[in-house]
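A quick write-up on the structure given underneath.
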Amino acid sequence: MRLTSRRSFLQASGLAVGAAASAPLYVHAAEQNTIKIALIGAGERGRGAAVQAMTTEGPTQLVAIADAFPDRTANSADFII
């Protein structure tokens with residue numbers, strides 16, 4: 001198992017956020033009320049918060065999971081979904 005330093009994790013996630021922010025936005029007239037949830041930090045507290053957010057009233061969708069440790073992301077996806 002390859003450990004990732006906090007600095008390289010933050011650097012990579014910063015690049016991903018920058019790329020997503022610079023992507024073109026598409027505007028459409030249809031209304032969508034789905035709350036999209038991204039989990040960053042898939043430990044016990046993060047998973048608990050995601051489960052709580054997914055059980056709120058109205059449509060929700062888990063769209064992303066990120067953690068410094070790859071095994072936590074897979075375990076969290078199985079736990080939440």
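Nearest approach of Thr60 to Thr34, heavy atoms of both residues: C-CG2, 4.0 Å. Scanning both residues, Leu39 and Gly46, for their nearest heavy atoms gives CD1-O, 3.2 Å.
In this structure, Ile65 is a member of the same hydrophobic cluster as Ile35, with clusters built from ILVMFWY side-chain heavy atoms closer than 4.5 Å.
We find the CD1-CD distance between Ile37 and Gln61 to be 9.0 Å, quoted to the nearest 0.5 Å.
Checked by atom type and distance alone, the side chain of Asp67 pairs as donor or acceptor with a backbone atom of Ala42 at under 3.5 Å.
Around CD of Glu44, the count of heavy atoms belonging to other residues, nucleotides or ligands within 6.0 Å does not exceed 12.
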